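Here is the structure we will look at, set down as structure tokens.
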Amino acid sequence: MSFGKGCHLHLIDGSAFIFRAYHALPPLTRKSDGLPIGAVSGFCNMLQRYIDGNSASNDAPTHVAVIFDKGSHTFRNDLYDQYKANRDAMPEELRPQIPLTRRATEAFNIACKELEGFEADDIIATLSCQAREAGGRVTIVSSDKDLMQLVGGGVEMFDAMKNRRIDAEGVEEKFGVGPDRVVDVQALAGDSVDNVPGAPGIGIKTAALLINEFGSLENLLDRAEDIKQPKRRQTLIEKREQIKLSKKLVQLDCDTPLDFTLDDLEVRDPDPETLLRFLAEMEFRTLSKRIADALDAEAPVIPDTNPAGADPIDTAPDWPAIDPEAYEHVSTPAALAAWVERITARGYVAVDTETTSLNEMQARLVGISLAVEPGQACYIPIAHRDGASDDLFSSEALAEGQLPFDDVLAALKPVLENDAILKIGQNMKYDAKIFARHDITVAPFDDTMLMSYALNAGIHGHGMDTLSERYLSHTPIPIKTLLGSGKSAITFDQVPVTEAVKYAAEDADITLRLWQTFKPQLHREKVTTVYETLERPLSPVLARMERNGIKVDRETLSRMSGKFAQKMAQLEDEIHELAGRKFNVGSPKQLGEILFDEMGLEGGKKGKTGAYATGADVLEDLATEHDLPARVLDWRALSKLKSTYTDALQDHIDPDTGRVHTSYVQTGANTGRLASTDPNLQNIPVRSEEGRRIREAFVAEPGNVLVSLDYSQIELRILAHVADLPAMKQAFKEGQDIHAMTASEMFDVPIDEMTPDIRRQAKAINFGVIYGISGFGLARNLRIPRSEAQGFIDRYFERFPGIKTYMDDTVGFAKEHGFVQTLFGRKIHTPEISAKGPRAGFAKRAAINAPIQGTAADIIRRAMVRMPDAIQGQPAKMLLQVHDELIFEVSEDATDKLIETAREVMEGAALPAVKVDVPLIVDAGQGANWAQAH
DNA sequence: CTAATCACG
DNA sequence: GACGTACGTGATTAGC
């Protein structure tokens, strides 16, 4: 077929694929000889995923090519010798992989094109132009902004990572001008990554403004004299030649001399033999298996030629494909007994429960699935309802093919509680809570979600779908296909048993395979201790706390809601009065229009989306001159308290227990902290007087009190330890006011002459350091000039020289290893640490903060794990954790003892593994409600 | 479904 | 005058 109308050309930016693959994956090596192969592996996976994604679409390409750069010297270097001169050299491990990715492309039978002396971008430009002229469509698979000038007239881009198309509108969003003027804007703004000079002092925003005003770069340069701003005018006149050069550098070449035509790029099916031979040579076991399946060919045998001691990679064992049709539906006592026997003989089993709700307090158990080896899984339905009948009265009837509920639990209880049988789950906390309600204690257990968290925090999420896709190359049956979504969604007990078997047993099968995948990795990555001391034992502790819940007094909340509603209505009237018309106070968009368009206040700044910013900081500035923003701030404060707390919290009171049962997500925060959801009890107000009163609704049962114990300044203490700051350590040892001490050091003010304001500034700096301080951030926080903030930071580094060393060392470690570590060995991966552009700054600060925040998180985890045994026998229950605080409910005559015990556990939690150089101090409080206890 | 806003440590 | 910035979270609302 000759390329023309109706044809669709896909152009893949090969270099972008390679770099993404390289940075996204750990450094894999080929098993037989240690050849670095991670990028090739990622590249092949991305290519395969891309092909899969397209074959399913009805907009599949008719022509496709992967385009590579070739040679480091291009015509742009002749124009400007500094072009791309500030690029880092290619990493050593990546270099040998480049030719392999070309071979991979050819093995997939996809056209692979490059041209000496030209960048891939120019080839892509030329082909796009040719395709457009021929009347066809083009999709450029890349998110590189340098290619955005090509968009339009049937040419679009596709960001394969974000799975997002970029059309002319998307380009305009990014550059503020249409694709046809992108080059002009780039010429003015320059590009630090490619080292295109542009016009100094002009960025994308200003450039877009100028181009939109003058229509084109040429017109702008010709009429530069007309520009009002003196600085800008001068720059444009003086740097005229530099700007024109920049345009030449960013302008892609549509006339590269290609030695092939569009017709040569026609989509071709891969030759299974060629492709599989290549994959076998690379020793990609999982991928070759998957591709062999897809091509209906035999997977190649890859000999295990691992020389002694070398780390195995990609050890996809010889597993059968995941096949939902092959699972067993257990419906007879004999079949159940047979499974119990197999499990007992095997010594481990993957377990998963199906229930009617995600809320474990209300969920009813519907069925249980089990797996003993890959491909061998079953589902035992026990409470599916009979959906066949529409009869109103029989809708409660049970479906056919199910064993009696109690019989099944009675048969499984000895298995689930058997010390000699390991139970394997994905997020076992959920299943354990369900079983606990039927008086079954699941132990011992392993949890694949927690294993993944110990191994991969910072790299990817830990949900089963993510893990299955990533490690098993398999997309599990989406629950939506069974339950539907939205209003018409059904519960699992209404799912037909035959469908449930496929879904449920698949989950158990996947869980088992993940366990076998992760098990050897824990050891290899040296995170077994983290998993075994900080993750696995915490899960049952959290389950217990969640089941305990905390009593919340509905009356108190309801009364407060009423009061808030009244005050809000009053404020709303006043606001409308001041605005001169009615509008939705809760709409930032409408508020922005009122403030900046209608009332004409100064300082309106539009964000990326074109909306005015109306955040608290903006309104606070405006509040000094006008009443309206001040009223809006008051209204917002009340609105937040009412909607998020006094109203919403009432809906979370469990009708059976009268208590609120939060859910802790153990793998939610990369640093090791917990997250609390449904409801979030880790952000109950405390900073404002009005908000703090909400804590009065959190109460103890009659005869009991709430006790709160919290670590004092734990993160600063850890900082003093890890950064080795003698002055700060000394201050903590002497029990001094640490912020006052810092202020004294920094500003040479004696402690006894300290003013609250100086102390406040020092406190902000102390926190700033923990967050990976920047002059900009500190300036904004303290509302002082940036230069002054920078002065503070310089001085801090001078007075506490350990800080700078710590920061540099931490970032250096992250760059070398791709992760940072807590004092207890928890790894937090930092894949973006070597990124270019603004993301680098983000990653750096996160890397600096993670060991501090993470070590604090580890310490309280250790305390929590030890707590149940320590307080065993005392009339006390642990209810909540708020990062550095634990909340207990205790019989009122036993509080002193509880405080003594819990404090001892918390203060000694780092020991014996780590001896922190400063004492860890725990403050305690108690009272009838949380407000008093805190 | 995303962005804006704001609650916590 | 911006590449862009304090770290880590979750819930609610508006508005596409």
Side-chain angles (χ1 to χ4, degrees), chain A residues 145 189-193 200-207 229 231-232 235 584-592 607-619 632-633 636-637 639-645 647-649 652 662-665 668-688 691-692 694-695 710-711 713-715 764-765 767-782 786 789 793 828 835-854 856-857 860 881-885 934:
Chain A
K145 61 180 176 359
D191 183 27
S192 59
V193 178
I202 293 182
I204 286 186
K205 288 279 157 59
T206 312
Q229 297 88 337
K231 195 83 178 266
R232 250 179 229 174
T235 304
N584 183 350
V585 183
S587 160
K589 185 163 172 269
Q590 294 181 30
L591 177 66
K608 302 172 227 168
T609 53
Y612 288 113
T614 70
D617 47 346
V618 177
L619 296 189
V632 172
L633 282 169
R636 278 197 187 157
S639 165
K640 182 81 177 178
L641 294 179
K642 183 170 187 292
S643 66
T644 310
Y645 301 104
D647 284 353
L649 226 36
H652 284 286
T662 185
S663 204
Y664 288 104
V665 190
N670 289 336
T671 52
R673 275 196 180 181
L674 302 177
S676 159
T677 64
D678 308 297
N680 181 356
L681 294 187
Q682 291 183 323
N683 71 345
I684 302 301
V686 70
R687 293 174 189 168
S688 78
R692 190 156 51 232
I694 290 171
R695 296 187 170 218
D710 69 285
Y711 284 105
Q713 312 282 10
I714 186 162
E715 292 192 353
I765 301 168
F767 278 110
V769 169
I770 293 174
Y771 297 151
I773 202 154
S774 76
F776 180 90
L778 184 66
R780 200 172 61 169
N781 188 289
L782 285 177
R786 195 173 160 173
I793 294 170
I828 297 114
K836 285 272 166 261
R839 295 201 311 217
F842 251 115
K844 262 190 191 173
R845 292 192 297 272
I848 291 165
N849 172 262
I852 301 168
Q853 189 182 113
I860 196 167
Q881 188 250 44
V882 191
H883 308 309
D884 62 358
E885 173 188 14
H934 189 79

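Computed over heavy atoms, backbone and side chain alike; hydrogens, waters and symmetry mates excluded. Sequence lines set the chain letters: A, B, ... in the order given, protein chains first and strands last, and positions in each chain run from 1. Please read all numbers here as calculations on a predicted model, not as lab measurements.
- Closest to the side chain of A/K640, from the set B/dT5, C/dA6, C/dA2, is B/dT5.
- Among the protein residues, A/A857 comes within range of no part of the nucleic acid, since none of its heavy atoms lies under 4.0 Å from any strand.
- Here B/dA4 presents its C1' atom at 13 Å from NZ of A/K589, a figure rounded to the nearest Å.
- Contact annotation for A/D884: backbone-only contact, meaning every heavy-atom pair under 4.0 Å involves sugar-phosphate atoms and none involves a base.
- Across all strands shown, A/Q590 has heavy atoms under 4.0 Å from sugar-phosphate atoms exclusively, and none from any base.
- C/dT13 atom C1' lies 14 Å from atom OH of A/Y645, rounded to whole Å.
- Atom P of C/dC16 sits at a distance of 22 Å from the matching atom of C/dT12, rounded to the whole Å.
- Atom C1' of nucleotide B/dA7 and atom CG of A/N683 are separated by 5 Å, given to the nearest angstrom.
- Counting non-hydrogen atoms under 4.0 angstrom, A/F776 reaches a base of the nucleic acid.
- Between the base of C/dT5 and the side chain of A/R786 there is a donor-acceptor pair shorter than 3.5 Å.
- Under 3.5 Å, the side chains of A/T662 and A/S676 contain a donor-acceptor pair of N or O atoms.
- Residue A/I770 is classed as having no contact, given no heavy-atom separation below 4.0 Å to the nucleic acid.
- A/I202 comes within contact range of the sugar-phosphate backbone alone, with a heavy-atom separation under 4.0 Å but no base atom that close.
- In this structure, the nucleotide among C/dG8, C/dT12, C/dA6 sitting nearest to the side chain of A/T644 is C/dT12.
- OP1 or OP2 of B/dT5 sits under 4.0 Å from a side-chain N or O of A/T614.
- A/K589 has its side chain out of reach of A/T614: every pair of non-hydrogen atoms, C-beta onward, lies at least 4.5 Å apart.
- Here C/dT12 presents its P atom at 13 Å from CD1 of A/I694, a figure rounded to the nearest Å.
- For A/T677, counting side-chain heavy atoms from C-beta on, the closest listed nucleotide (C/dA11, C/dA6, C/dG8) is C/dA11.
- We find that CG of A/L619 is positioned 15 Å from P of B/dA4, with the value rounded to whole Å.
- When the P atom is used for both C/dC3 and B/dT5, the distance is 23 Å, rounded to whole Å.
- Distances shown here put every side-chain N or O of A/R673 at or beyond 4.0 Å from the OP1 or OP2 atom of B/dG9.
- A side-chain donor from one of A/E885 and A/H934 sits under 3.5 Å from a side-chain acceptor of the other.
- Not a single donor-acceptor contact under 3.5 angstrom links the side-chain atoms of A/R845 to the base of C/dG4.
- Residue A/V686 is classed as a sugar-phosphate contact, given heavy-atom separations below 4.0 Å to backbone atoms only.
- A/G203 comes within 4.0 angstrom of the backbone, heavy atoms only, and of no base.
- Between C/dA2 and B/dC6, the distance separating the two C1' atoms is 26 Å to the nearest Å.
- A 4.5 Å side-chain heavy-atom check between A/L591 and A/V632 finds at least one atom pair inside the cut-off.
- Under 3.5 Å, the side chains of A/S774 and A/R780 contain no donor-acceptor pair of N or O atoms.
- Nucleic acid contact class of A/G841 (heavy atoms, under 4.0 Å, all strands): none.
- Taking 4.5 Å as the limit, every side-chain heavy atom of A/R845 sits out of range of all side-chain heavy atoms of A/Y771.
- Nearest to the side chain of A/A669, among C/dT12, C/dT9, B/dC6, sits C/dT9.
- Toward the 5′ end of DNA chain C lies the nearest nucleotide of A/L674, the other residue of the pair A/L674 and A/N584 mapping further downstream.
- Annotation: side chain of A/L778 is in contact with side chain of A/I793 (closest heavy-atom distance under 4.5 Å).
- The separation between A/Y612 atom OH and C/dA14 atom P is 21 Å, rounded to whole Å.
- Here A/R687 does not reach the OP1 or OP2 of B/dA7: none of its side-chain N or O atoms lies under 4.0 Å away.
- In this structure, A/A856 reaches neither bases nor backbone, as no heavy-atom distance under 4.0 Å exists between it and the strands shown.
- When Watson-Crick and G-U wobble pairs are counted only if both distances are under 3.5 Å, C/dA2 pairs with no nucleotide at all.
- Taking atom P on both B/dA4 and C/dG4, the two are 14 Å apart, rounded to the nearest angstrom.
- A/N680 comes within 4.0 angstrom of sugar-phosphate atoms only, judged by non-hydrogen atoms across all strands, and of no base.
- Residue A/S639 is classed as having no contact, given no heavy-atom separation below 4.0 Å to the nucleic acid.
- Residue contacts for A/S774: at a heavy-atom cut-off of 4.0 Å it reaches a base atom on one of the strands shown.
- Going from atom CD1 of A/I684 over to atom C1' of C/dT9 covers 14 Å, rounded to whole Å.
- Nearer the 5' end of DNA chain C, as judged by each residue's closest nucleotide, is the contact made by A/G777, out of A/N670 and A/G777.
- With rounding to whole Å, A/R780 atom CZ is found 20 Å from C/dG1 atom P.
- Side chains of A/L681 and A/L649 form a contact here, defined as non-hydrogen atoms less than 4.5 Å apart.
- Among the protein residues, A/A840 comes within range of no part of the nucleic acid, since none of its heavy atoms lies under 4.0 Å from any strand.
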